Amino acid sequence: MTTKKSPKRVLKQQADKIAATLKAAERGDKIDAKFAAKIAEARTKPMFKTGIAMDDKIITIEMPWETIRNTTTAGLSQYIMDQMREVRRSVN
């Protein structure tokens, strides 16, 4: 398990894997069997909601499938990593 203060490379690996799974699910690709049933159920709804368990917190991420479809894997990964590290981005 990780915390927000875990090494960036470790958090990035986890975020990359989660983002890749989301993109694969959105495309309808075959995914890990332990997630397949829940994701198939989530595909019937307009929003995807998941929890990420860390040692120091549980993160809930909710986003529309449309956003997942229109965002790159790298963009999703960065967003997930920012949530894990509690980084807030400001829009100028």
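The structure displayed is predicted, hence computed values, not measured ones. Index from 1, following the sequence.
- Put simply, the side chain of Phe48 does not reach to within 4.5 Å of the side chain of Thr67, judged on heavy atoms.
- Nearest heavy atoms, Glu26 versus Ile68: CB-CG2, 3.8 Å.
- The shortest side-chain heavy-atom distance between Arg85 and Lys8 falls under the 4.5 Å cut-off.
- The pair Glu41-Lys38 does not count as a salt bridge, with every side-chain nitrogen at least 4.0 angstrom from each carboxylate oxygen.
- In this structure, Lys12 contributes its side chain and Met81 its backbone to no donor-acceptor pair below 3.5 Å.
- Remark: of the listed residues Ile59, Leu22, Thr50, Leu11, Leu22 is the sole one forming a side-chain contact (heavy atoms from CB on, under 4.5 Å) with Ile80.
- The side-chain heavy atoms of Arg43 and Trp65, taken from C-beta on, include a pair separated by under 4.5 Å.
- Note: Lys57 NZ to Glu86 CD = 4.0 Å, rounded to the nearest 0.5 Å.
- No side-chain donor from either of Thr3 and Asp55 sits under 3.5 Å from a side-chain acceptor of the other.
- The backbone N or O of Leu76 lies less than 3.5 Å from no partner atom in the side chain of Lys23, so there is not a single donor-acceptor pair.
- Between Ile31 and Ile39 there is a side-chain heavy-atom pair separated by less than 4.5 Å.
- Looking at Ser77, its side chain never comes within 3.5 Å of a backbone N or O of Thr73 through a donor-acceptor pair.
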